[in-house]
Structure formats: C-alpha cells, structure tokens
**Q** 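Supplied in structure tokens, the structure appears directly below.
All values below come from the heavy atoms of this structure, side chains included, with hydrogens, waters and symmetry mates left out.
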Amino acid sequence: MANYYSDHPELAFHLNHPLMKRIVELKERGYTEKDIYPEAPVDYEDAIASYNSVLEICGDVAANIIAPNSESVDLEGPHLENNRMIYASKTYENLDAITKSGLWGVEMPRRYGGLNLPITVFSMLSEVISAADSSFQNVWSLQSCIDTLYEFGTEEQRQKYIPRVCAGETMSMDLTEPDAGSDLQRVMLKATFDEKENCWRLNGVKRFITNGDSDIHLVLARSEEGTKDGRGLSMFIYDKRDGGVDVRHIEHKLGIHGSPTCELTYKNAKAEICGSPRLGLIKYVMALMNGARLGIGAQSAGLSQEAYNEALAYSKERAQFNTKIIDMPPVYDMLARMKAKLEGGRSLLYQTARYVDLYKTLEDISRERKLTPEERDEMKKYSRLADAFTPLSKGMTSEYANQNAYDSVSVHGGSGFIMEYKCQRLFRDARIFSIYEGTTQLQVVAAIRYITNGTYVNIMKDMLSEEVAESLKPLQARVAKMVEKYEEAIETVKAFGSQPVQDFLGRKLYDMTGDIMISLLLISDANRCAELFEKNVNVYVRFAESDACANYAYVQNFQAEDLEYFKAREAAPEA
C-alpha cells in the first residue's frame, strides 16, 4: 500500500539531521514530561520513533484517502449557502480522516491536548499532505495560526482556544482587504471597544481570506482611531460561535479549488484583543507570516514531489519512435533537473525549519525560566539564521514548484494539456505559491539586507570549510568559484550607491544566493548519504553554475542608465 512518507526516504533523512538531537532535547524539556504523559518520549530515539509513527500515519491517510479524493475536490470545490462556506463533500472526508488520526494541534504542548511536535516535523506533515492535495494542505496547515495565539495571547485565551484546535477546529488569518494586499499598513477594518459588553467590535470587509469561514480567526484591525499606518493596527481573535461575520463571496480561482478563498463582512462582530494594542502588524503579523512562509515552502516541496512522480511515471510508460521517452536525452535531462530542484528546495526548507525550531523553542523556554547566557547566544544565533533563511526558502521552493509543475506538463506532451491528467491540476495549483504569503519579489526585499551585509557570504564560507568526501571535492571547488563571482556581483551593486539599481538587480543577487546555498546544502546531504543525493547534487551544481554565471554577467555589464530601458512607457498615441 502506498505511503506518501515512507515511500520517500529523503524525508526520514532530514528527520535524522544532527541538529534534531538538540531540537528534541529542548522541545521535550530534557524529557521531563515522560512521568506526566504516557505518550511523551523517554529519550531522543523514542522521540524520533514517535515522529516516524505520526508521519507514517499521515503518509497513509495522504496516499489512500486525500489523494484519491483530490480530483473530486478540485471539480466540486467549496460553495456558498446562506452566507456560509460549504466545503467540497470529499473535503469533509479528509477532515474526518485527519481528525481520527489525531493530526491536529501538532505543535502545541501536551497540556493543551497537542502533540508537542517540532516545527520541522510539522513541515514534513505539511509536505506529505500537500503531495496528496495542496488545497487541503491549506485548510489543515492553518492550524499553525494557533502558534501566534499561544505566543502572544493570555493564559485564559490559550485555555479557551488551543484545546479546540487540538480537537480539530479550523483557523484562518484575516489580514488582507480590497485596498490592502501586500501593503497591510492600509488595513481599515475598524475595531472599537464596547464598554457595555466589555469586548471589542469589528466592522468592515476582508478579502482573499484562505479558509475564511473557519472556526477561529486571527484578525488584523485598526484599533486606534485617526491613524493610517501600521502603528494603529492590533490583532484580534474572532470566534465563529459568536456570529457577526458573513461570507459575501467565494473566489473562483485558477487552482487550489478545495481551499476556499473568501470575502468576509464583519458586522459588529464580537472579538478579543490578542496581545498588546498597536502591535498587530509590527509584531504579530510578522510572526504569522514567517510561519505561513515556512508552510508554503512545505506545500511547494510536496507538490514538486508529486509533479516529479507524475512525470517520471508517464515517461516510463509513453513510447515514441519505438523508444520509451524516459530514454530520450531531452526528457531525462528535464527529469534530472526536476529531481535536483525538488531535493535542493527540500534541503533548504528543512534547514530553515530546524533553525526556526531552535530559536522558537528557546524563546518559549525563556517564558518559563531565565535562559543561561549560552542559551541566549544560541537563541540569537538561530533567530538570525531563521530570519535570513525564511525568505530564501519560501521564494526558491515556490519558484521550483512552479517550474517542476510546468515541466511535468511538458513531459506529458499534449496529454498534459488534457484535464484528465493530474499534472494540469498541479500546474494550476502551483501558480499561487510564489504569490501568496509574500510574492517572490517581496522575499527578495526581505533577503537583500542579508545579501549586502555579508550574512549569506559568511554562511557560504563556513560551509565551504567543511570536510567532504573526495568525490564531492570537485563540486565544492566549483561552488567556491561561484561564491567568488557572487561576492564580486554584490560589490558591483553596492558600488552604484543607488537604491533603484539595488532594487532592480536584487532578484539577480537573490537567485545567485539560492543557487549557491542549495548547492552547498546538497553537498552536505550527499556527504552524509551519497546513495540518496550524490546524483542530485551533480545535476544541481551544473545548472546552478549556469544560472549564477548568467546573473553574474548581467550584473557586471549593467549600467545605471540601463534602468531607463526597463521603465514602463505609455503607449504611443494613435495617429
């Protein structure tokens, strides 16, 4: 029987990374809960065995329930009845299977009914579910919104809401509005305090809200009258049980049809403030978005895997000119690149997740006790690494998912354009990944300071100093030359002393960063397990060199006045 976890040993490889020992030790507080909760692990090996069991359960549900339901979900989609969103019928089957499997409250502490799993394991679960149906992954993975409530809410709020999510209630983050997409400072949904009822009231409209008719919402709203920027925004908790929010419209989308994207109207809806006033955008949304971006990375990796699987299977069956197309150079070149991008993006994703795990768990411990000086230094170190790697991971994995879905259609030829084949749905679903939760262009903006201040260069040089197998040393030397060109390109951009030039060339530097970082991560993976990764790293470094050289040449030949060629022009008036 198929299993979307155990069928791919690369996932277990990342679960057993050396950093996981420290992550598990921190997450389990030195294994002190074993005397309180029977399910708590007694040591590291027990924890990893437990994680494997959960992942295998998820892999079984994904392969044998969610994946078979995905076509029906895509065709039916959610619909609107009496201002309420109704999921596709098979989505309810998926939710029931996930609930019976106990896959809710994944990251939450056991005292609230959660599984107390690391973020890295949650990301793996997300990838597995996304491979089966990325639209359902959206519905399920939004349970991670509870992390923000756990981190910034009161203990009373934690006791009230977290057990409900652990039992299977759904969540959403209601941020964007008709006039506030990427620029969330423009949010105008109004929050006013009701003195009589001792609660907040929300009024206004939210748009493009994923899973917008969920049970529990985190809502960004303007609490400070007369303000127009981010300093007037606070975060609120809205409970669907209290009423006051209607679904006005469900968007008809290109892909991820099973994931309802709603327009909501708030009409004097009762709400609780989460955390402190005026920190909604400045602090809490950033926490939400960083978690969501990691989730999109996992979603992208899952779809990349499925796109590759579909292309590989078709290429083994389809024959042209009396030859299986998998044996034709243009096809096996495409398949090799797809697999290399899949494994490269996955490696970047889980490296990021491990960094997030370490700093987030130490941050959580700091709310229980004072950290030692060594722990504070450790938290700062991994916080910086997580901040640097998150925009790189979200951007690179989502772009690779799009490329792999595109190539999967290409491998299928004309059949890939026919709706009966899964690859067309994967192609449609993938397109949103590089757009929502921060476009790739916004990931460039988030990453550029780490490019120009030398953070990535220092990480690369540290990785280049690591000892590797003899067979990998030639690749390491080639990546070292890429790093030299990368440093030159950065200095060239900085020498212009122009913000518009830096903004324009930022994507070239970003892509070089991703190419090099993934090359180094794959070398490290291949050094630990040549059987799984040596072919992939050889393929990846080859096309990374090509891309990096092209971007290097572009930057080195750029002139400031070249910007004029790219500025939009009005169409010439008709004669």
**Q** Step through it carefully: locate the ring centre of W140, locate the ring centre of Y87, and say whether they are under 6.0 Å apart.
**A**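 No, the ring centres sit 6.0 Å or more apart.
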**Q** Test S130 against every option in E306, Q137, Q305 by the side chain to side chain contact (heavy atoms under 4.5 Å, CB included) rule and name the one that passes.
**A**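 Only one of E306, Q137, Q305 forms a side chain to side chain contact (heavy atoms under 4.5 Å, CB included) with S130, namely Q137.
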**Q** Step through the shown structure and confirm whether more than 12 heavy atoms of other residues, nucleotides or ligands are within 6.0 Å of OH on Y37.
**A**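 It does: Y37 OH has more than 12 such atoms within range.
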**Q** Hey, is OH on Y406 packed in by over 12 heavy atoms from elsewhere, all under 6.0 Å?
**A**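 It does not: Y406 OH has 12 such atoms or fewer within range.
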**Q** Under a 3.5 Å distance rule, please check whether Q143 uses its side chain to pair with a backbone N or O of G105 as donor and acceptor.
**A**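 Yes; at least one donor-acceptor contact below 3.5 Å.
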**Q** With no hydrogens and no angle check, is any side-chain donor or acceptor of K316 less than 3.5 Å from a backbone partner on I326?
**A**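 Pair absent, no side-chain N/O of K316 close to backbone of I326.
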**Q** Determine whether K240 and R84 make a side-chain contact, defined as any pair of heavy atoms from C-beta on separated by less than 4.5 Å.
**A**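 Answer yes - side chains close enough.
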**Q** Would the distance check show the side chain of N527 and the main-chain N or O of I523 forming a donor-acceptor pair, the cut-off being under 3.5 Å?
**A**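 Here the side-chain-to-backbone pair does not exist.
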**Q** Do the side chain of N116 and the main chain of E28 share a donor and acceptor less than 3.5 angstrom apart?
**A**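 Flag not set: sc N116 to bb E28 has no pair under 3.5 Å.
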**Q** For a 4.5 angstrom cut-off between non-hydrogen side-chain atoms, does I250 reach V247?
**A**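 The answer is yes, as the side chains (C-beta and beyond) meet within the 4.5 Å cut-off.
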**Q** Examine R158 relative to Y112 and say whether NZ or CZ is less than 6.0 Å from the centre of the six-membered ring and inside a 45° cone about the ring axis.
**A**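 No.
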**Q** Evaluate salt bridge (charged side-chain N to carboxylate O under 4.0 Å, His left out) for R111 paired with E33, printing each intermediate quantity in order.
**A** CA-CA 10 Å; R111 65 182 179 275; E33 290 194 347; 5.2 Å; no
**Q** Using the ring of F208 (Phe, Tyr or Trp, six-membered ring only), decide whether K253 places NZ or CZ under 6.0 Å from its centre and within 45 degrees of its axis.
**A**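 Output no; distance or angle outside limits.
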**Q** Tell me, do E151 and K360 make a side-chain contact under 4.5 Å, heavy atoms counted?
**A**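 Side-chain contact under 4.5 Å: yes.
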**Q** Tell me, do R425 and R428 make a side-chain contact under 4.5 Å, heavy atoms counted?
**A**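 Counting from C-beta outward, R425 and R428 do come under 4.5 Å.
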**Q** Checking the side chain of D357 only, and the main-chain atoms of I23 only, is there a donor and an acceptor separated by less than 3.5 Å?
**A**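 No: the side chain of D357 does not pair with the backbone of I23.
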**Q** Could you go through the side chain to side chain contact (heavy atoms under 4.5 Å, CB included) check for Y51 and V24 one step at a time?
**A** CA-CA 11 Å; Y51 301 163; V24 177; 3.7 Å; yes
**Q** Among N69, D133, T99, exactly one meets side chain to side chain donor-acceptor pair (under 3.5 Å) together with N94. Which residue is that?
**A**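 Running side chain to side chain donor-acceptor pair (under 3.5 Å) over N69, D133, T99 with N94 returns exactly one hit, N69.
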**Q** Heavy-atom count around F427 CZ within 6.0 Å, excluding the residue itself: above 12?
**A**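 For F427, atom CZ is not crowded (no more than 12 foreign heavy atoms under 6.0 Å).
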**Q** Take atom CZ of R431 as the centre, draw a 6.0 Å sphere, and report whether it contains more than 12 heavy atoms from other residues, nucleotides or ligands.
**A**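 Not buried by this count: 12 neighbours or fewer within 6.0 Å.
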**Q** Please work out whether the ring planes of Y284 and F152 are parallel, tilted or perpendicular, with thresholds of 30° and 60°.
**A**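 Plane angle between 30° and 60°, so tilted.
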**Q** For residues I86 and L80, determine if any side-chain heavy atom of one lies less than 4.5 Å from a side-chain heavy atom of the other.
**A**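 Not touching, per the 4.5 Å side-chain cut-off.
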**Q** Run the salt bridge (charged side-chain N to carboxylate O under 4.0 Å, His left out) test on K21 and D43 for me, step by step, so that the C-alpha distance in whole Å, both residues' side-chain angles and the decisive distance to 0.1 Å come before the verdict.
**A** CA-CA 10 Å; K21 192 160 190 177; D43 56 25; over 6 Å; no
**Q** Heavy-atom count around K324 NZ within 6.0 Å, excluding the residue itself: above 12?
**A**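 Atom NZ in K324 is packed in, count exceeds 12.
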**Q** Under a 3.5 Å distance rule, please check whether Q443 uses its side chain to pair with a backbone N or O of L392 as donor and acceptor.
**A**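 A pair under 3.5 Å: no.
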**Q** Which of these, T210, L220, V219, sits in a side chain to side chain contact (heavy atoms under 4.5 Å, CB included) with L175?
**A**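 For L175, the side chain to side chain contact (heavy atoms under 4.5 Å, CB included) check succeeds only for L220.
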**Q** Hey, does S315 have a side-chain heavy atom less than 4.5 Å from the side chain of L335?
**A**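 In short, these two side chains touch, coming nearer than 4.5 Å.
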**Q** I'd like to check Y4 versus E127 (side-chain heavy atoms, cut-off strictly below 4.5 Å). Are they in contact?
**A**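 Of all side-chain heavy-atom pairs linking E127 with Y4, none is under 4.5 Å.
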